[in-house]
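Following: one structure in structure tokens, then a few remarks.
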Amino acid sequence: MSERKVLNKYFPPDFDPSLIPRRKGPKNSQQVVRLMAPFSMRCNTCGEYVYKGKKFNARKETVEGEDYYGIKIFRFYIKCTLCSAEITFKTDPKNTDYTAEHGASRNFEPWREEKVVEEEDRLARLEEEENNPMKALENRTVDAKREMDILDALQDIRAKNARNERVGQSVDLIARINVEEIETEEDRRRKEEEEEDDKIIREVFSKVSMPAPSEGQSSGISTSDGPSAEGSTSRIVTVKRKADDVEPDIYSLLPESTRALVNSKTAAAPAAKKPKPDLKTKLGIKVAKKGKVAV
């Protein structure tokens with residue numbers, strides 16, 4: 001058995017392709033193609049609008065006796081979506097567009113009209129310049145003046161942009177200078193604060209020469225790490241805090257939370273217990289004491 005999908009077919013050694021009869025078809029046969037409407041149109045029979053991009057199963061044929069510099073022109077046959085009337089349009093290689101031929105009229109498109117008017121004006125101007133040399137000179141003078149005006153306007157725009165750019169750069173420079181001044185001011189203030197802190201530290205932790213304390217004396221001073229000889233009358237000490245003449249009490253040194261806690265405990269302290277009265281004496285009851293029994 002042979003394969004179902006074969007790529008190579010057998011050709012006998014005596015095969016001659018020229019002996020195969022050619023199929024003869026009509027000279028200008030129509031082909032069925034799938035296309036979209038190239039422009040919006042209106043049916044002349046029923047007035048139905050066919051928008052651009054509507055898909056149709058169209059018949060295509062080559063137009064006999066018409067071409068544009070050897071480029072073939074094709075005709076397409078479609079049917080109206082409402083009344084099924086036949087509509088035909090052709091290709092337009094000259095304008096790279098399509099033209100409505102029969103059965104429908106193309107809707108008005110203003111941009112196409114502007115292009116047509118501009119092209120007509122250009123052709124009329126060329127024809128007029130060929131017949132009238134003075135008119136050609138005038139047109140060239142007008143064109144040169146228009147170009148000069150355009151160049152002047154462009155130069156003004158460039159000068160304005162350059163001026164705006166310079167102004168922006170100067171503004172940026174001023175802002176950068178201001179930022180540097182602010183940073184310099186902050187550095188100066190920070191340096192002054194550091195100097196004040198150093199001064200306070202030197203005042204608080206200052207090393208002074210003081211006589212040696214006697215036994216039993218204790219103060220808020222400590223001996224420095226430097227060497228000191230035994231029996232000397234003075235030594236170098238480091239002062240750790242400033243001592244005033246009045247010694248602060250312990251309560252003033254406590255933090256606020258501890259003070260509040262001490263106050264609450266003091267307020268909630270229980271009252272002293274009163275001695276209980278003797279009920280026997282109060283009621284007049286006398287208890288007789290038992291005597292010793294003699295044996």
Side-chain angles (χ1 to χ4, degrees), residues 4-5 7 21-132 135-154 156-158 160-161:
R4 184 172 63 87
K5 294 182 178 180
L7 301 177
R22 294 181 178 275
R23 184 179 60 181
K24 294 183 179 179
K27 187 176 182 181
N28 189 14
S29 61
Q30 294 182 350
Q31 300 177 1
V32 178
V33 295
R34 182 76 171 174
L35 58 79
M36 293 187 294
F39 51 83
S40 59
M41 64 189 80
R42 184 182 181 186
C43 180
N44 294 336
T45 304
C46 63
E48 177 69 12
Y49 285 95
V50 179
Y51 57 88
K52 180 180 179 180
K54 179 70 176 177
K55 293 183 179 180
F56 292 95
N57 293 324
R59 302 192 315 273
K60 183 184 78 169
E61 68 177 8
T62 304
V63 179
E64 294 293 336
E66 294 185 18
D67 62 349
Y68 180 74
Y69 293 103
I71 300 174
K72 294 182 181 180
I73 297 176
F74 299 99
R75 180 183 289 113
F76 300 92
Y77 297 86
I78 61 174
K79 291 184 178 181
C80 177
T81 56
L82 184 62
C83 64
S84 299
E86 190 175 59
I87 300 173
T88 62
F89 54 89
K90 298 188 300 182
T91 58
D92 187 8
K94 181 179 180 180
N95 301 318
T96 62
D97 200 0
Y98 294 83
T99 57
E101 185 180 19
H102 175 72
S105 58
R106 187 167 183 170
N107 294 338
F108 176 74
E109 297 172 352
W111 55 89
R112 294 184 63 253
E113 295 296 330
E114 291 178 0
K115 293 181 181 179
V116 171
V117 171
E118 290 178 358
E119 186 67 19
E120 291 178 355
D121 293 342
R122 188 180 65 83
L123 295 176
R125 179 178 176 179
L126 292 176
E127 184 178 359
E128 187 178 7
E129 289 178 355
E130 290 179 359
N131 300 329
N132 190 353
K135 188 66 175 178
L137 181 60
E138 290 178 1
N139 291 337
R140 285 197 297 271
T141 305
V142 172
D143 293 341
K145 184 178 180 181
R146 185 184 302 110
E147 290 179 0
M148 291 178 64
D149 295 339
I150 293 172
L151 291 176
D152 292 341
L154 182 60
D156 294 341
I157 293 173
R158 288 178 177 175
K160 187 182 295 183
N161 292 340

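Counting only heavy atoms from C-beta outward, the side chains of Arg34 and Asn57 approach each other to under 4.5 Å. By the 4.5 Å heavy-atom criterion applied to side chains, Val50 and Cys43 are not counted as neighbours.
For the pair Gly47 and Arg42, the tightest heavy-atom approach, listed with the atom from each and the gap, is O-NE, 3.3 Å. Between Asn44 and Ala104, the shortest heavy-atom distance links the atoms ND2-N, 3.3 Å. Taking all atoms of both residues into account, the shortest heavy-atom contact from Cys83 to Cys46 is SG-SG, 3.4 Å. Here the shortest heavy-atom pairing between Tyr68 and Pro93 reads CD2-CB, 4.0 Å. Minimum heavy-atom separation, Lys52 to Pro38: CE-O, 3.4 Å.
The line from CE of Met41 to NZ of Lys54 is 12.0 Å long, rounded to the nearest 0.5 Å. One finds the CD atom of Glu129 at 9.0 Å from the NZ atom of Lys135 (value rounded to the nearest 0.5 Å). Rounding to the nearest 0.5 Å places CE of Met36 at 12.5 Å from CD1 of Ile78. Rounding to the nearest 0.5 Å gives a distance of 11.0 Å between CD1 of Ile73 and NZ of Lys94. Expressed to the nearest 0.5 Å, how far CG of Asn161 lies from CG of Asp156 amounts to 11.0 Å. Within the model, atoms CG of Asn131 and CG of Leu126 stand 11.0 Å from one another, a figure rounded to the nearest 0.5 Å.
Between Arg122 and Glu119 there is a salt bridge, since at least one side-chain N of the basic residue sits less than 4.0 Å from a carboxylate O of the acidic one.
Side-chain atoms of Asp92 and Thr99 form no donor-acceptor pair, as typed in the model, at a separation below 3.5 Å.
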| said: Test side-chain contact (heavy atoms from CB on, under 4.5 Å) on Thr62 and Phe74; report intermediate values, then the result. | reply: CA-CA 5 Å; Thr62 304; Phe74 299 99; 3.6 Å; yes
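Residue Arg158 qualifies as open at atom CZ: its count of foreign heavy atoms under 6.0 Å is 12 or below.
Considering Glu61, Lys60, Glu86, Arg59 as possible partners of Tyr77, the one that fulfils the side chain to side chain donor-acceptor pair (under 3.5 Å) test is Glu61.
The backbone N or O of Lys79 lies less than 3.5 Å from no partner atom in the side chain of Ser84, so there is not a single donor-acceptor pair.
Among residues two or more places apart in sequence or in another chain, the ring-ring contact (aromatic ring centres under 6.0 Å, His included) test is passed with Phe76 by Phe89. Every residue two or more places apart in sequence or in another chain that forms a side chain to side chain donor-acceptor pair (under 3.5 Å) with Arg146 is listed here: Asp143.
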